[in-house]
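Okay, structure first, notes after.
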Amino acid sequence: MPDQDDSLLLYLNDAIATTRNKEDLFRSMTEKLRLIFPFDAITILTLDAEHQYRRVFLRDYLGEVLLPNQTGAGGKPTRGPIEGTPVELFVHQTQLRQYDLEELLKAYPQYQPFGALLERGMRYFIVVPLRTSGQLIGLLSLVARRQPEFSPNDVDLLEKIGSLVAVAVTNALAFEDIARREQEKSMQLALNNALLSIKERGELFRTIATEINHVVPCDYFGVRVREPHSPVRALAEFNKQPDGTFAALDENRYDDLPHPVQNKQAVVELFSRPAVYVGTDFELLSRQYDLLRYIREERGTQSILCAPLDAHGEPAAALILASHQPLAFTEETLELIQTLVPQIRLAIQNVLAFEQIDALRAQLERERTYLIDEINTSAAARLDDFVGGSAVMQQVYTRLSQVAPTDTTVLITGETGTGKELVARALHNLSPRKERALIKINCAALPAQLIESELFGHEKGAFTGAHDRRIGKFELADGGTIFLDEVGELPLDLQAKLLRVLQEKEFERIGGRRVIQTDVRVIAATNRVLEEEVAAGHFRADLYYRLNVFPIRLPALRERPEDIEPLMRHFLERFTKQMGKPVRGLRERDLKALRQYGWPGNVRELEHVLEQAVIVSQGPFLEFAGFSAAAQAAPATPETGGPLKTLKDQERDHILAALRRTSGRVSGPNGAAVLLDINPKTLEARMKKLGIQRTVEVK
């Protein structure tokens with residue numbers, strides 16, 4: 001049938017010259033070939049230049065013959081070595097050759113495709129070498145149920161067809177290579193544009209995942225990093241949605257897996273080297289690693305690609321792709337992804353740098369605000385700023401100088417007005433943390449529902465009125481010192497959260513799920529007797545022992561009367577300079593009265609008395625008219641050896657003295673709460689507890 005043969009060759013030659021689509025071209029070829037040669041299946045394999053690897057270029061079957069080693073997801077051909085396979089035998093045959101599958105299966109009993117073909121009644125196997133310019137570029141195999149009878153002309157025709165098919169395959173490979181290179185260049189250009197224009201972590205890596213997915217289809221994209229001596233953490237993780245877009249994954253999605261931290265750590269070594277785990281390889285690994293078994297059973301994952309992103313002197317990192325397809329990735333895929341490693345590593349560097357810059361900028365701005373406030377309100381405290389040389393104060397100075405250079409938690413106790421905040425400032429400014437901020441918070445000055453937000457911050461939308469994210473005082477004080485004044489006023493539920501910060505050095509914002517690490521030195525102060533509060537169930541014992549690591553008790557002013565005169569002269573010098581008043585004398589009787597007074601408001605009360613005297617005095621001497629009346633009404637200081645009052649009685653006398661000075665006024669700028677430096681609501685509660693009725697007792 002020379003005319004028919006020539007017609008077939010012309011048809012194939014014309015199809016090769018005009019058809020660019022691989023599937024259309026080989027569909028036409030197989031239809032024509034079946035008209036002349038009775039075969040049931042056709043396969044074209046291509047070989048690399050060294051004849052070490054082969055890949056399935058095209059398969060077409062009659063019936064429903066299904067062979068192992070099919071193409072991967074998205075129609076991508078699989079690539080595998082020829083060593084130990086029948087392909088190694090076929091490569092050494094220079095001409096068309098017909099084989100009996102039963103004989104081949106005896107020679108290669110482990111080669112699964114032959115067994116699958118025989119199970120479906122296939123018996124005969126014809127291999128046609130594909131050559132261009134004398135070079136073997138692949139193999140054309142025809143499989144049939146019935147043994148074909150080939151004449152010398154048929155063999156010659158098949159070899160000629162093999163030459164045409166070789167040209168078609170070469171052209172198709174060239175077009176595929178060009179298309180792949182254009183797609184890869186387009187992907188690399190898109191990644192470069194993303195690196196230049198996107199600085200936000202989530203948006204940047206979502207863009208990278210989307211661009212990679214165009215070339216390497218995947219259902220999961222993740223970048224994991226590990227700092228030295230730290231556990232692995234996810235820098236970015238996305239899952240493909242039904243509409244093809246990528247959405248960020250929840251960091252806590254493995255919480256229902258037993259021992260999630262240990263299971264994540266177990267696969268670190270697996271992800272630290274470039275590899276592709278597909279098919280049976282992934283199935284075997286899923287039996288070995290609980291995390292892989294979990295994502296296989298719960299997430300449907302069947303293939304994983306790992307590409308380390310390590311660079312000298314940087315945190316260890318790895319790019320991980322996963323797919324629901326069993327043969328989604330190949331060695332060629334891995335090679336392509338590894339060409340993107342420098343860009344993805346640069347993306348990680350940029351993201352971490354931008355985030356560090358933003359964090360430092362925000363930290364500096366917050367510290368600037370606080371430091372300006374600190375500078376405007378008071379100068380930095382030092383030991384030289386303390387006035388008083390009494391023996392009890394010398395003990396305070398000694399303890400202060402001992403603990404200041406350390407990071408030890410300090411609990412400052414003492415009556416109101418004894419200078420607890422001044423001691424806290426001195427501790428901070430004498431410590432190695434003096435270059436960072438001292439953050440102060442008065443635990444009694446805020447409603448209970450706002451203290452937690454003030455201490456730990458909140459996320460946007462965490463509660464009604466949380467319109468923006470707020471940074472808490474502990475986060476603000478990172479690297480510095482936090483001063484918790486009136487810590488005894490903290491509600492019990494917040495005491496538990498404060499205990500966690502002291503123990504674990506970590507916390508979470510309200511409404512947040514991210515654990516924030518903090519390096520803060522804690523200084524607490526209270527005018528309550530915390531031992532009594534613990535016994536009464538108002539203060540947690542474990543928190544008390546955490547705070548009371550190094551106690552410093554500040555003596556009341558009545559316990560150090562020898563310090564009254566130096567303090568008076570210190571305040572007088574300051575107020576006369578501030579107000580531009582002349583220096584006035586001090587009568588001996590006034591000095592004696594000041595020494596004998598019990599000073600329930602301690603140093604703060606003395607300061608206010610002298611400030612008022614400087615303002616109202618007109619003659620050559622300071623006038624203490626208002627103070628004299630209050631001093632006469634106040635109970636005298638008990639003499640040494642006399643009966644001592646209970647702490648409750650002292651507190652009651654203290655509040656009564658303040659109410660007398662303010663004519664019974666509790667709140668407002670001239671109220672007793674301001675004089676005692678306490679919240680008006682707290683003062684009213686203490687008055688009620690002590691049975692003080694201002695309308696009756698303050699007359």
Step by step, work out the salt bridge (charged side-chain N to carboxylate O under 4.0 Å, His left out) result for Glu607 and Arg574.
CA-CA 10 Å; Glu607 181 181 9; Arg574 191 214 302 171; 3.0 Å; yes

Applying side chain to side chain donor-acceptor pair (under 3.5 Å) to Thr416 and Arg604, what does each step give before you reach the verdict?
CA-CA 8 Å; Thr416 183; Arg604 184 184 295 110; 3.3 Å; yes

As a quick check of understanding, evaluate salt bridge (charged side-chain N to carboxylate O under 4.0 Å, His left out) for Glu508 and Arg514, giving each step before the final call.
CA-CA 6 Å; Glu508 296 174 8; Arg514 183 170 67 91; over 6 Å; no

List the steps and the verdict of side chain to side chain contact (heavy atoms under 4.5 Å, CB included) for Leu494 and Phe456.
CA-CA 10 Å; Leu494 276 181; Phe456 308 118; 4.3 Å; yes

Would you sort out whether Ser390 and Asp563 count as a side chain to side chain donor-acceptor pair (under 3.5 Å), showing the intermediate values?
CA-CA 6 Å; Ser390 60; Asp563 290 336; 2.6 Å; yes

Passes side chain to side chain donor-acceptor pair (under 3.5 Å), Tyr544 versus Glu531? Steps please.
CA-CA 8 Å; Tyr544 168 68; Glu531 293 93 333; 3.0 Å; yes

Could you walk me through whether Ile208 and Phe221 satisfy the side chain to side chain contact (heavy atoms under 4.5 Å, CB included) test, starting with their C-alpha distance in whole Å, then the side-chain angles of each, then the deciding distance to 0.1 Å, before giving a yes or no?
CA-CA 9 Å; Ile208 293 175; Phe221 171 94; 3.8 Å; yes

Should Glu475 and Arg509 be marked as a side chain to side chain contact (heavy atoms under 4.5 Å, CB included) after you check the CA-CA gap, both sets of side-chain angles, and the distance that decides it?
CA-CA 9 Å; Glu475 191 171 352; Arg509 299 192 192 108; 2.8 Å; yes

Working note: Arg540 + Val534, criterion side chain to side chain contact (heavy atoms under 4.5 Å, CB included); need CA distance, chi angles, decisive distance, verdict.
CA-CA 6 Å; Arg540 293 178 62 106; Val534 170; over 6 Å; no

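In this structure, Asp478 does not pair ionically with Arg436, as no charged nitrogen and carboxylate oxygen lie closer than 4.0 Å. We find that Glu565 and Arg595 are joined by a salt bridge, their nearest charged nitrogen and carboxylate oxygen being less than 4.0 Å apart. A salt bridge links Arg686 with Glu489; the closest basic N to acidic carboxylate O contact falls under 4.0 Å. Between Arg569 and Glu573, no side-chain nitrogen of the basic residue sits less than 4.0 Å from a carboxylate oxygen of the acidic one, so the salt-bridge criterion is not met.
The heavy-atom pair separating Leu235 from Arg201 by the smallest distance is O-CD, 3.0 Å. Closest heavy-atom contact between Leu567 and Leu610: O-CD1, 4.5 Å. Across all their heavy atoms, Leu683 and Ala673 have their closest contact at CD2-N, 3.6 Å. Scanning all heavy atoms of the two residues, the minimum distance from Arg521 to Leu427 falls at NH1-O, 3.9 Å. Of all heavy-atom pairs between Tyr597 and Ala657, the closest is OH-CB, 4.4 Å. Closest heavy-atom contact between Val520 and Ala477: CG2-O, 3.6 Å.
Once rounded to the nearest 0.5 Å, the distance linking CD of Glu415 with NZ of Lys420 reads 8.5 Å. Going from atom CG of Leu499 over to atom CG of Asp542 covers 4.5 Å, rounded to the nearest 0.5 Å. Atom-to-atom distance recorded for Met687:CE and Leu656:CG is 8.0 Å, nearest 0.5 angstrom. Between the CG atom in Asn548 and the OG1 atom in Thr409 there is a gap of 10.5 Å [rounded to 0.5 Å]. Atom CE of residue Met393 and atom CD of residue Glu562 lie 10.5 Å apart, to the nearest 0.5 angstrom. Atom-to-atom distance recorded for Leu438:CG and Thr481:OG1 is 6.0 Å, nearest 0.5 angstrom.
A donor-acceptor pair under 3.5 Å is formed between the side chain of Thr406 and the backbone N or O of Val403. Between the side chain of Asn602 and the main chain of Leu557, a donor-acceptor pair closer than 3.5 Å is present. Checking side-chain atoms of Trp599 against main-chain N and O of Leu594 turns up a donor-acceptor pair under 3.5 Å.
Side chains of Leu606 and Met568 form a contact here, defined as non-hydrogen atoms less than 4.5 Å apart. Within the 4.5 Å cutoff, side-chain heavy atoms of Leu622 are placed close to those of Leu572. In this structure, the side chains of Ile516 and Phe474 stay at 4.5 Å or more apart for every pair of heavy atoms. Arg500 is not listed as a side-chain neighbour of Lys505, based on a closest heavy-atom distance of 4.5 Å or more. Put simply, the side chain of Thr413 does not reach to within 4.5 Å of the side chain of Ile552, judged on heavy atoms. Using a 4.5 Å cut-off on side-chain heavy atoms (C-beta onward), Glu532 and Phe539 make no contact. Contact of the Leu547 side chain with the Val410 side chain is not registered, since no non-hydrogen atoms from C-beta on lie closer than 4.5 Å. Between Phe483 and Glu421, the closest side-chain pair of non-hydrogen atoms falls below 4.5 Å.
The only option from Ile523, Asn442, Ile441 that meets the side chain to side chain contact (heavy atoms under 4.5 Å, CB included) definition with Leu484 turns out to be Ile441.
Aromatic ring pairs are classed by plane angle as parallel below 30°, tilted from 30° to 60° and perpendicular above 60°; the pair Phe571 and Phe575 is parallel.
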